[in-house]
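Note sheet for the following structure.
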Amino acid sequence: MKKRILIVGACGQIGTELTGALRAKFGDHKVIASDIREGEDALMKGGPFEILDATDYFALEDLVMRHEITDVYLMAAMLSATAEKFPMKAWNLNMNSLFNVLNLAKDHKIEKVFWPSSIAVFGSTTPKSDTPQRTIMEPSTVYGISKQTGERWCEYYHQKFGVDVRSVRYPGLISYKTLPGGGTTDYAVDIFHKALKHGKYISFLNSESTLPMMFMDDAIRATIDIMESPSEKVKIRSSYNLGAISFSPAEISEEIKTHLPEFEMEYQPDFRQAIADSWPQSIDDSDARQDWGWEHQFDLKATTKIMLDNLKPSE
Ligand code: SER
C-alpha cells in the first residue's frame with residue numbers, strides 16, 4: 001500500500017513534533033506538512049510543506065488529490081482559553097476543518113483520519129478522579145463543546161459511512177520544541193521557560209489545580225500507535241481517554257525546586273481557573289491500554305528533568 005500522510009496544523013505544538021516523528025518513520029517525501037502559516041526552519045526544510053486553510057474544503061481536496069494522500073492527521077484547532085475570546089471563530093475552525101476531513105474520507109478520497117479530542121470534553125458534573133471513558137459529559141467551554149460535538153460526529157461517520165477515524169482525548173501536553181498557544185494547561189510549559197529565565201513564575205491557576213498532563217513524546221507515540229493499529233483493535237470511534245501523569249502547580253513547582261532550589265512561585269488565578277476547575281484531575285484510560293496497548297513512559301520527575309535540560313541556555 002502506498003501510504004502518503006498529510007498533517008494539517010503542522011506548525012503547532014503537537015504538529016511540529018508529529019511531523020518530525022512521521023518523517024522519521026515513513027520517510028520525508030511521504031509526509032506533507034501543512035499549516036495556515038509557515039513554521040520553524042527545521043520543519044520547513046525537512047520535507048514538503050504547503051500553506052493550507054483547513055476550513056477551505058476545495059483547497060484541502062486539491063492538496064489531497066495532488067499528493068495522493070491516504071492518511072490525514074488534523075491537528076489544527078483553537079484551544080480552550082483563546083476559544084473563550086473568539087467563540088464563533090473557534091467553532092468554525094474546529095468544526096468545519098473536521099467536517100472537511102470526514103467528508104473526504106466518506107467520499108473515499110482518503111483512507112484514514114486522526115483527529116484529537118481533549119479532556120475538555122468533560123465538565124464540572126463529571127467524576128473528577130479516574131474519570132471513566134463513558135461518563136457524564138457536560139462541557140462548559142467553547143473548546144470543550146466543539147470537541148464533544150466532534151467526537152459524536154466521528155462516531156457517526158464511522159458507523160454510518162465506515163469512515164476509519166481514530167482519536168484520543170489528549171491531556172495537557174508538555175514539550176520544549178514548540179510553544180503551546182491559547183490553552184489552559186499552557187502554564188505547565190511556560191513555567192520551565194520562566195524558571196530558567198527569571199527564577200520565578202506567576203501561575204494563572206491556583207496552587208491546588210490538579211490536571212491530567214503528559215510529556216509530548218508519549219502523546220506522539222500514542223498518536224502514531226493508534227493510527228498504525230489494526231482497525232479491529234480500535235473499538236472506540238468517538239475518542240479514547242488517554243492518561244499519564246497528574247499534578248498541581250504546587251507539585252510541579254516542588255519538582256522544579258529539586259533542580260533550581262531558588263525557584264519561586266506566585267499565584268494569580270485568572271479566567272482560566274474556572275476552565276481548569278471544570279476539568280478532571282486524573283483519567284481512567286484502561287480502554288486504550290487494553291484495546292491497542294497504550295502505555296505511558298514519562299513521569300513528572302523525568303519530564304521536569306528533560307524540560308530543564310533542553311531549555312537550559314547552553315554554556
Ligand atoms: N491543552 C488544552 C487546553 O488547555 C486542552 O486540550 O486548551
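What's counted below: heavy atoms across the whole structure, side chains too, no hydrogens, waters or symmetry copies. Whatever order the structure lists them in is the order used to number ligands and atoms, beginning at 1.
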Checklist entry - Given that the side chain starts at C-beta and the backbone is N, CA, C, O, which of these parts of Ser80 lies under 4.0 Å from ligand 1, counting heavy atoms, or is it both or neither? => result both
Item to check | Shortest non-hydrogen contact between Met307 and Ser175, atoms and distance | outcome: CE-O, 3.1 Å
Check: [X]/[Y] side-chain N/O donor and acceptor closer than 3.5 Å:
X      : Y      : value
Ser248 : Glu208 : no
Asn100 : Ser97  : no
Ser146 : Asn94  : yes

Checklist entry - Where the side chain of Arg4 meets the backbone of His67, is there a donor-acceptor pair that is under 3.5 Å apart? => result yes
Checklist entry - So which protein heavy atom does atom 1 (N) of ligand 1 come closest to, and at what separation? => result Thr185 OG1, 2.8 Å
Checklist entry - Of all the non-hydrogen atoms in the protein, which one sits nearest to atom 5 (C) of ligand 1, and at what distance? => result Ser118 OG, 3.4 Å
Checklist outcome for this item: Quick note on ligand 1: atoms under 4.0 Å from a heavy atom of Tyr143 include exactly 5 (C), 6 (O), 7 (O)
Checklist entry - Numbering the atoms of ligand 1 from 1, which are under 4.0 Å from a heavy atom of Leu79? => result 7 (O)
Checklist entry - Given Ile275, Ile14, Val121, Thr184, which has its nearest heavy atom closest to atom 4 (O) of ligand 1? => result Thr184
Checklist entry - What about Trp279: any of its N or O atoms under 3.5 Å from an N or O on ligand 1? => result no
Next on the checklist: Using a plain distance cutoff, I'd like to know if Tyr170 has any nitrogen or oxygen under 3.5 Å from a nitrogen or oxygen of ligand 1.
Outcome noted: no
Return a table of donor-acceptor pairs under 3.5 angstrom between the side chains of residues 226-236 and protein atoms on other chains or two or more places apart.
unit_1: Glu228; atom_1: OE2; unit_2: Lys3; atom_2: NZ; d: 2.9
unit_1: Ser229; atom_1: OG; unit_2: Asp225; atom_2: O; d: 2.8
unit_1: Ser231; atom_1: OG; unit_2: Arg237; atom_2: NH2; d: 3.0

